[in-house]
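Both backbone and side-chain heavy atoms feed into the values below; hydrogens, waters and symmetry mates do not. Given the structure is predicted, the values throughout are model-derived calculations rather than measurements.
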Amino acid sequence: MANLVEATSQKQFEECLAKAGKCLTVVHFHAAWAPQCGQMNDVMAELAKEHVGTTFVKLEAEAVPEVSEKYEVSSVPTFLLFKAGEQVDRLDGAHAAELTKKVQRLAVSGAPAAAAEAPDLNERLKKLVNAAPCMLFMKGSPQEPRCGFSRQIVGLLKEHGVQFSSFDILSDDAVRQGLKTFSNWPTYPQLYVKGELVGGLDIVKELAASGELENTCPTAVSLEQRLRTVINRSPVMLFMKGNKEAARCGFSRQILEILNGSGVDYDTFDILQDEEVRQGLKTFSNWPTYPQLYVKGELVGGLDIVKELKESGELVSVLRGES
């Protein structure tokens, strides 16, 4: 298919964007070792048949690192959607239905289509503002704010011990534009508590200065308390990149295969979804890499340790907490 291509260099990638012009371009950052990427390539092929005016580009993330780094792609599969050379949306993970929905929405131009999407968008916005007791809509992430106002509000929330989750509005233009109307608040960042808009940076500054911020927003538990809670969520807990259904690095994929073969139930935590846990657990456990496996709250180790336990025949007893 002429509209399904492979880009093997930054130059080819940029040429694909330029050639597409104002039409939609969907870029799949993939890896040969990840089976879920192969599945999503099949999805891309089907979408390419349906949307002949859209360009679908496959790009191996590790083979073209300059492009991956520019767009902050740290795991596969990741999908970036472009129009007129500008990123308009993003999808992390192997979510075929969500990718299909995004392509269908963005491939059709014109106001009537946008209007038809409005009810669905409002439902989505309601879910997002209620996704956590305290939700911050900002540019970037708390670890890497991408504007001065976002940096300031994150600093204030952290300084006052506020526990909050965040949404990067730069990753989703539909949310970025729709939330302005939904909340009747034209600028970002925006802070919500229990689904209700608190306001932007100036309001948060006023609350902090008056001493009301801690009463308005839920305060955070300590990181150590949070880590202990997550570690003990299940008798066998695996901290990895991705989840049971979709490992997002080779080491995580290997350890999943070993655990799946053990016959012992376990739960997983995706460290790519929580930077605080990802960094904090390294210090807490004094173990610098991932994956990390815990049994009854105690660290067993990483992939090499699990391999050794399997080879020695001790793995199942360790997972059951018998030794």
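The two residues Gly200 and Trp185 have their closest heavy-atom pair at N-CZ2, 3.4 Å. For the pair Ser262 and Leu319, the tightest heavy-atom approach, listed with the atom from each and the gap, is OG-CD1, 3.5 Å. Taking all atoms of both residues into account, the shortest heavy-atom contact from Leu156 to Leu213 is O-CD2, 4.3 Å. Closest of all the heavy-atom pairs between Ser252 and Ala247 is C-CB, 4.0 Å. Across all non-hydrogen atoms, the minimal contact from Asn3 to Val52 is ND2-CA, 3.6 Å. Val193 and Cys134 make their closest contact through CG2-SG, 4.2 Å (heavy atoms, listed as atom of the first residue, atom of the second, distance).
Judged purely by atom type and a 3.5 angstrom limit, Lys244 uses its side chain to pair as donor or acceptor with the backbone of Tyr266. Distance alone, capped at 3.5 Å, is enough to place a donor-acceptor pair between the Gln190 side chain and the Thr187 backbone. When atom types are taken as modelled, the side chain of Tyr290 and the backbone of Arg278 share a donor-acceptor pair closer than 3.5 angstrom.
Using a 4.5 Å cut-off on side-chain heavy atoms (C-beta onward), Phe239 and Ile231 make contact. With a 4.5 Å cut-off on side-chain heavy atoms, Trp33 and Val76 count as touching. Under the 4.5 Å side-chain criterion, counting only non-hydrogen atoms from C-beta, Lys310 is not in contact with Val306. Using a 4.5 Å heavy-atom threshold, the side chains of Glu276 and Arg226 count as touching. Leu179 has its side chain out of reach of Phe167: every pair of non-hydrogen atoms, C-beta onward, lies at least 4.5 Å apart.
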Task: From CA spacing to verdict: side chain to side chain contact (heavy atoms under 4.5 Å, CB included), Val67, Val27 - done: CA-CA 11 Å; Val67 177; Val27 184; over 6 Å; no

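Counting only N and O atoms by type, the side chains of Gln12 and Thr8 include a donor and acceptor under 3.5 Å apart. Between Ser141 and Glu275, the side chains place no donor N or O within less than 3.5 Å of an acceptor N or O (distance only, hydrogens not considered).
No salt bridge links Arg90 with Asp168; every basic N to acidic carboxylate O contact stays at or beyond 4.0 Å. Ion pair Asp173/Lys83 not flagged as a salt bridge, since none of the NZ, NE, NH1 or NH2 atoms sits closer than 4.0 Å to an Asp/Glu carboxylate oxygen. Salt-bridge annotation for Glu66 and Lys70: absent, with no side-chain N of the basic residue lying under 4.0 Å from a carboxylate O of the acidic one. Look at Asp89 and Lys101 and you find no salt bridge, because none of the NZ, NE, NH1 or NH2 atoms lies under 4.0 Å from a carboxylate O. The pair Glu123-Lys126 counts as a salt bridge, with a side-chain nitrogen and a carboxylate oxygen less than 4.0 angstrom apart.
We find the NZ-CD1 distance between Lys241 and Ile255 to be 13.0 Å, quoted to the nearest 0.5 Å. Taken from CG in Leu293 to CD in Glu298, the straight-line distance is 12.0 Å, to the nearest 0.5 Å.
The environment of CG in Asp265 is sparse: at most 12 heavy-atom neighbours from other residues, nucleotides or ligands sit within 6.0 Å.
For the side chain to side chain donor-acceptor pair (under 3.5 Å) criterion with Asn41, the lone passing option out of His28, Glu6, His30 is His28.
Aromatic rings from Phe137 and Phe182 are positioned such that their centres are separated by 6.0 Å or more.
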